[in-house]
Amino acid sequence: APIGVFDSGVGGLTVAREIMRQLPDESLIYFGDTARVPYGTKSKDTVIRYSRQIVNFLLSKNVKAIVIACNTASALAMHKLQQEYIVPMIGMVRPGAIAAARATKNHHIGIIGTNATVKSGQYGKYLRELNPDVTVVTKACPLFVPLVEEGLIDDRITEDMVSRYLREFDQYQIDSLILGCTHYPLLQNPIKNFVGDNVTLINPAYETAKSLRELLKEREMEAESGHTAEYHYYVSDMEDQFLSFADRVLPCHVEKVQ
Ligand code: DGN
């Protein structure tokens, strides 16, 4: 059976990409809610309602596990959905927090994400559970999402936005920074250039795929090795934009959305 992966839109493809790399035998069904993106500016109740609809859709496709490949939906809806469903579910916040708690030496951790993710305080909550001494500094960077979607990765305007948003971290001496939004790993270079080599960038997309691998192994749910993985994509709107973004992010060409 396939793994269900969902996001508010195209960003979750950075998570799908990590799953394809780390779990090449697993088939995926990806749902991008491109008609209702962004989730980062919506209320918790709305994000829970949308996420629940998508989980029901994925379950109708007989998925064996679900990855919430959106930081905002993970922060706002994961807890509630896990109470409602028995299908194994993985969100991005816990794996990202665990990696940051492991990486930090001075216990000063920066977190960037959408307004909703930052406001939820979920990354901080997990981090403090893992390490009560941690100092957490957060900053919402909402303009990063459209910059990435416009393909302005190596552009002056993106460098400017990176320095505007991240210069606040200067005074806190963070040594680790959680890229707490699906789009931000694509800005790894400009962010790295700005924060320098002393700050470890934590990519929750990578960590989420790693957690999925562990979960499948633990529950003996892995696809047989050598099994040919199939990838299916569903979106709620704007197929062409989805396809062109997919070509920029994924290791394989996407022919069509269903
Ligand atoms: N996928 C969302 C996230 O990771 O928080 C970003 C896009 C959005 O809904 N604003």
Side-chain angles (χ1 to χ4, degrees), residues 4-19 30-55 58 66-79 81 89-97 99-100 110-124 126 138-153 158 161 165 177-188 191 201-209 211 233-238 241-242 245-246 248-250:
V5 179
F6 78 90
D7 174 46
S8 54
V10 295
L13 291 171
T14 62
V15 184
R17 163 176 83 172
E18 297 296 342
I19 300 173
Y30 182 96
F31 183 90
D33 199 1
T34 44
R36 302 189 291 196
V37 71
Y39 285 8
T41 51
K42 294 196 171 67
S43 70
K44 183 170 177 173
D45 283 350
T46 298
V47 173
I48 290 174
R49 186 158 50 87
Y50 289 174
S51 300
R52 190 185 286 127
Q53 289 166 356
I54 299 169
V55 168
L58 292 171
I66 290 181
V67 176
I68 308 183
C70 172
N71 288 266
T72 304
S74 300
L76 272 53
M78 167 85 179
H79 190 67
L81 295 175
M89 251 183 232
I90 288 199
M92 303 187 70
V93 177
R94 220 172 94 84
I111 301 162
I112 53 176
T114 62
N115 286 309
T117 297
V118 165
K119 197 170 144 235
S120 78
Q122 284 295 306
Y123 271 107
Y126 280 116
T138 60
K139 177 77 185 166
C141 307
L143 291 173
F144 283 172
V145 167
L147 289 171
V148 169
E149 292 192 8
E150 288 297 326
L152 298 169
I153 310 267
T158 303
M161 284 319 301
Y165 280 141
L177 177 64
I178 299 179
L179 306 178
C181 172
T182 48
H183 292 58
Y184 300 178
L186 299 169
L187 298 178
Q188 205 146 351
I191 292 174
L201 301 185
I202 306 293
N203 178 357
Y206 173 86
E207 304 301 333
T208 299
S211 288
Y233 305 87
Y234 295 82
V235 292
S236 44
D237 201 3
M238 307 297 274
Q241 262 106 319
F242 180 86
F245 194 83
R248 281 165 45 203
V249 172
L250 294 180

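These numbers come from a predicted model, not from an experiment. Just so you know, these numbers use all the heavy atoms, side chains as well, and skip hydrogens, waters and symmetry mates. First listed ligand is number 1; within each ligand, the first listed atom is number 1.
- Contact between C181 and G113 at its shortest, heavy atoms only, is CB-CA, 4.1 Å.
- Under a 4.0 Å criterion applied to the non-hydrogen atoms of T182, ligand 1 contributes the atoms 1 (N), 2 (C), 3 (C), 4 (O), 6 (C).
- Here the closest heavy-atom approach between residue S51 and residue L81 is recorded as CB-CD1, 3.7 Å.
- Numbered from 1 in the order shown, with element, the atoms of ligand 1 that lie under 4.0 Å from a heavy atom of S8 read 1 (N), 2 (C), 7 (C), 8 (C), 9 (O).
- When only non-hydrogen protein atoms are considered, atom 10 (N) of ligand 1 lies nearest to P38 CB, 3.2 Å.
- Residue contact check: D7 has heavy atoms under 4.0 Å from atoms 1 (N) of ligand 1.
- When non-hydrogen atoms are compared, ligand 1 lies under 4.0 Å from neither the backbone nor the side chain of T41.
- Taking the six-membered ring where tryptophan is involved, the planes of Y165 and F144 are perpendicular, since the angle between them exceeds 60° and thus also 30°.
- Closest protein heavy atom to atom 5 (O) of ligand 1: T72 OG1, 2.5 Å.
- Note: no N/O pair closer than 3.5 Å links H183 and ligand 1 by distance alone.
- Of all protein heavy atoms, the one closest to atom 6 (C) of ligand 1 is C181 SG, 3.5 Å.
- Summarising the local packing, NZ of K119 is surrounded by 12 or fewer heavy atoms from other residues, nucleotides or ligands at distances under 6.0 Å.
- C70 SG, 3.5 Å is the protein heavy atom nearest to atom 2 (C) of ligand 1.
- Across K42 and A116, no two heavy atoms sit closer than the pair O-CB, 4.4 Å.
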Legend entry - Residue pair Y184, N71: steps toward the side-chain hydrogen bond (donor to acceptor under 3.5 Å, both in side chains) verdict: CA-CA 11 Å; Y184 300 178; N71 288 266; over 6 Å; no

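- Residues A97 and Y126 come closest through the heavy atom pair CB-CB, 3.6 Å.
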